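Worksheet: one structure, shown below.
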Amino acid sequence: ETEFAHYCDTKYCIGTGNGLDALTLIFKGYIELGKLKKEDKVIVPANTYIASVLSVLHAGLEPVLVEPNPKTYNLSIDNLYAKLTEDVKAILMVHLYGQLSQAEALKAFTAKHNLLLIEDAAQAHGAVTNSQFQELNPNSQQLKAGNLGDAAAFSFYPSKNLGALGDGGAITTKDKALFEVVSLMRNYGSKVKYENEIIGYNSRLDDMQAAFLSIKLKHLDSDNAKRRNIAKRYLNEVKNPKLSLPFYDGSQNHVFHAFVIEVDDRANFTAYLDNHKIGWLIHYPIPPHKQKALQEFSYLKLPITEQIHKRIISLPISPVMTENETQTVIDVLNAY
């Protein structure tokens with residue numbers, strides 16, 4: 001916890017059982033502190049993984065699903081104003097696929113409207129703001145994911161850029177009051193054994209998983225650099241008009257947890273990849289508001305989100321990929 005707090009340049013880190021618990025405990029903690037109350041509304045990007053929405057619901061709050069920027073897949077300031085009501089008390093910015101949201105603009109927006117700004121950084125371990133422009137403006141402040149809002153939640157699921165060998169998660173924050181209340185909450189509401197101060201939960205980071213993460217943290221930046229190098233090769237060398245490649249500004253604000261492209265005929269494309277033994281995944285095939293579990297949101301008309309989920313596909317990207325493997329993917333993509 002101390003190592004990861006130092007890495008993110010935050011004062012506090014609280015290990016949890018998983019990333020969903022981390023997000024839920026942030027919201028529950030702010031309710032316990034009186035900064036949120038039950039049924040307050042939280043703005044959430046509509047195209048995120050369902051866990052982002054579930055954390056809001058588990059805390060007894062109401063998610064407000066907002067269309068993303070179709071270029072970055074992250075929250076767009078332009079889409080927030082229409083959803084801003086007196087009941088909205090927080091914004092959950094999700095750094096989807098490893099690319100940071102417009103943190104500086106969102107911080108200004110939340111400060112202006114007196115809202116909490118929470119990060120879902122489950123896919124963005126090690127992403128850095130302003131890195132592209134640091135040489136032009138040495139006074140610009142570089143901040144890492146986990147240090148861009150009031151609090152942040154991370155997942156250490158094995159497939160993440162910083163993954164354990166099992167489940168795990170963490171909260172980072174500079175808020176001492178939140179740190180203290182969440183430290184109680186994750187441990188049955190107890191500071192002293194068998195003495196329970198508040199209604200709590202059982203969601204601690206397992207010591208063995210923490211040991212693995214401590215070792216792997218030392219390699220996170222170099223692993224992220226390898227992911228970015230593969231992404232740059234894809235972006236520079238894939239020349240196929242049938243494939244829409246992701247937006248990337250060339251900076252360290254993207255750690256490419258996933259390399260997501262868009263294609264018109266996804267079924268045909270995935271069959272082609274299968275035939276050429278190229279792995280693929282879809283992050284995610286069904287948007288949250290179309291899930292059976294969230295039928296209360298099925299009335300929403302979210303054309304951008306629905307179009308994204310019909311077209312996206314994730315290509316192989318990993319720090320253990322070889323140059324030959326990367327070249328094979330590029331050749332197959334160009335031949336489609």
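These figures come from a predicted structure and were not determined experimentally.
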Polar side chain donor-acceptor pair, Tyr7 to Asn147, under 3.5 angstrom: no
Minimum side-chain heavy-atom gap Leu243-Leu333 below 4.5 Å: yes
Leu33 atom CG: more than 12 heavy-atom contacts under 6.0 Å: yes
Heavy atoms from other residues, nucleotides or ligands near CD of Glu323 exceed 12 (cutoff 6.0 Å): no
Distance-only side-chain donor-acceptor flag, His257 / Gln99, under 3.5 Å: no
In one Ile/Leu/Val/Met/Phe/Trp/Tyr side-chain cluster, 4.5 Å: Ile26, Val44: yes
Within one Ile-Leu-Val-Met-Phe-Trp-Tyr cluster: Met208 and Phe156, side-chain cutoff 4.5 Å: no
Note, Leu273 side chain near Ile313 side chain (heavy atom, < 4.5 Å): yes
Between Thr173 and Asp175: side-chain donor-acceptor atoms closer than 3.5 Å: no
Gln209 (side chain) donor-acceptor with Leu165 (main chain) under 3.5 angstrom: yes
Validation row, ring centre Tyr73 to ring centre Phe247 under 6.0 Å: no
Minimal non-hydrogen separation, Asp274 against Trp280, with atom names: OD1-NE1, 2.7 Å
Full working for side-chain contact (heavy atoms from CB on, under 4.5 Å) between Leu143 and Val128: CA-CA 6 Å; Leu143 300 173; Val128 181; over 6 Å; no
Between Asp21 and Thr16, a side-chain donor and acceptor under 3.5 Å: no
Close side-chain approach of Arg227 and Val255, heavy atoms under 4.5 Å: no
His254 and Phe256 aromatic ring geometry - parallel, tilted or perpendicular at 30°/60° bounds: parallel
Cluster link Leu96 to Leu148, ILVMFWY, side chain under 4.5 Å: no
Thr326 side, atom OG1; Ile317 side, atom CD1 - distance, nearest 0.5 Å: 8.5 Å
Stepwise side-chain contact (heavy atoms from CB on, under 4.5 Å) test for Lys226 and Met321: CA-CA 9 Å; Lys226 292 174 185 175; Met321 280 179 68; over 6 Å; no
Phe154 and Phe4 aromatic centres sub-6.0 Å: yes
Side-chain touch Val263/Arg266, heavy atoms, less than 4.5 angstrom: yes
Ile118 vs Ile91 side-chain heavy atoms within contact, under 4.5 Å: no
Electrostatic pair Lys242:Asp264 at N-O distance under 4.0 angstrom: no
Distance in Å, His289 NE2 paired with Ser298 OG, rounded so as to fall on 0.5 Å steps: 8.5 Å
Atom of Ala170, atom of Ala22 and distance for their closest heavy-atom approach: O-CB, 3.5 Å
Phe297 atom CZ, over 12 foreign heavy atoms within 6.0 Å: yes
Test item: side-chain donor near acceptor, Lys89 and Tyr30, under 3.5 Å: no
Verdict with supporting geometry, Asp87 and Thr85, side chain to side chain donor-acceptor pair (under 3.5 Å): CA-CA 5 Å; Asp87 296 330; Thr85 65; 4.7 Å; no
Pair His95-Glu119, side-chain donor/acceptor within less than 3.5 Å: yes
Residues in side-chain contact (heavy atoms from CB on, under 4.5 Å) contact with Ser222, at least two apart in sequence or another chain: His219
N/O donor-acceptor pair under 3.5 Å between Thr328 side chain and Asn324 backbone: yes
Over all atoms of both residues, closest heavy-atom pair of Pro246 and Ile261: CD-CG2, 4.1 Å
Considering all heavy atoms, the nearest Ser318-Ile230 contact: O-CD1, 3.2 Å
Atom CG of Asn114: over 12 foreign heavy atoms under 6.0 Å: no
Side chain Lys239, main chain Asn236, donor-acceptor under 3.5 Å: yes
Within one Ile-Leu-Val-Met-Phe-Trp-Tyr cluster: Leu36 and Leu20, side-chain cutoff 4.5 Å: yes
Inter-residue atom distance Leu178.CG - Lys28.NZ, 0.5 Å rounding: 14.0 Å
4.5 Å side-chain heavy-atom contact, Pro45 and Val66: no
Verdict with supporting geometry, Asn47 and His309, side-chain contact (heavy atoms from CB on, under 4.5 Å): CA-CA 8 Å; Asn47 62 314; His309 285 258; 3.6 Å; yes
Intermediate values then yes/no, ring-ring contact (aromatic ring centres under 6.0 Å, His included), Tyr81 and Phe109: CA-CA 10 Å; Tyr81 289 97; Phe109 184 89; 5.2 Å; yes
Worked check of side-chain contact (heavy atoms from CB on, under 4.5 Å) between Arg186 and Ile14: CA-CA 9 Å; Arg186 65 148 178 198; Ile14 308 124; 3.4 Å; yes
Side-chain heavy-atom pair Pro316, Ile278 within 4.5 angstrom cut-off: yes
Nearest-0.5 Å distance, CE of residue Met93 to CD1 of residue Ile43: 13.0 Å
Residue His113 excluded, over 12 heavy atoms near NE2 under 6.0 Å: yes
Any donor-acceptor N or O pair under 3.5 Å, side chains Asn161, His125: no
Lys232 NZ/CZ over Tyr248 ring centroid, <6.0 Å and within 45° of normal: no
Closest non-hydrogen atom pair, Ile304 against Pro68: CG2-O, 4.0 Å
Any side-chain donor near an acceptor of the partner, Thr24 and His58, under 3.5 Å: no
Closest contact, heavy atoms only, Ala145 versus Ala121: CB-CB, 4.3 Å
ILVMFWY network linking Val42 to Leu25, side-chain heavy atoms under 4.5 angstrom: yes
Gap separating the CG atom of Leu116 from the OG1 atom of Thr110, nearest 0.5 angstrom: 8.5 Å
Residue list, side-chain hydrogen bond (donor to acceptor under 3.5 Å, both in side chains) with Asn202, at least two apart or on another chain: Tyr188, Arg204
Validation row: Leu80, Leu106 side chains within 4.5 angstrom (heavy atoms): yes
Pairwise distance CG(Asp223) to CG(Leu217) - rounded to 0.5 angstrom: 10.5 Å
Trace of the ring-ring contact (aromatic ring centres under 6.0 Å, His included) decision for Tyr97 with Phe259: CA-CA 7 Å; Tyr97 307 139; Phe259 188 92; over 10 Å; no
Whether over 12 other heavy atoms sit under 6.0 Å from Glu104 CD: no
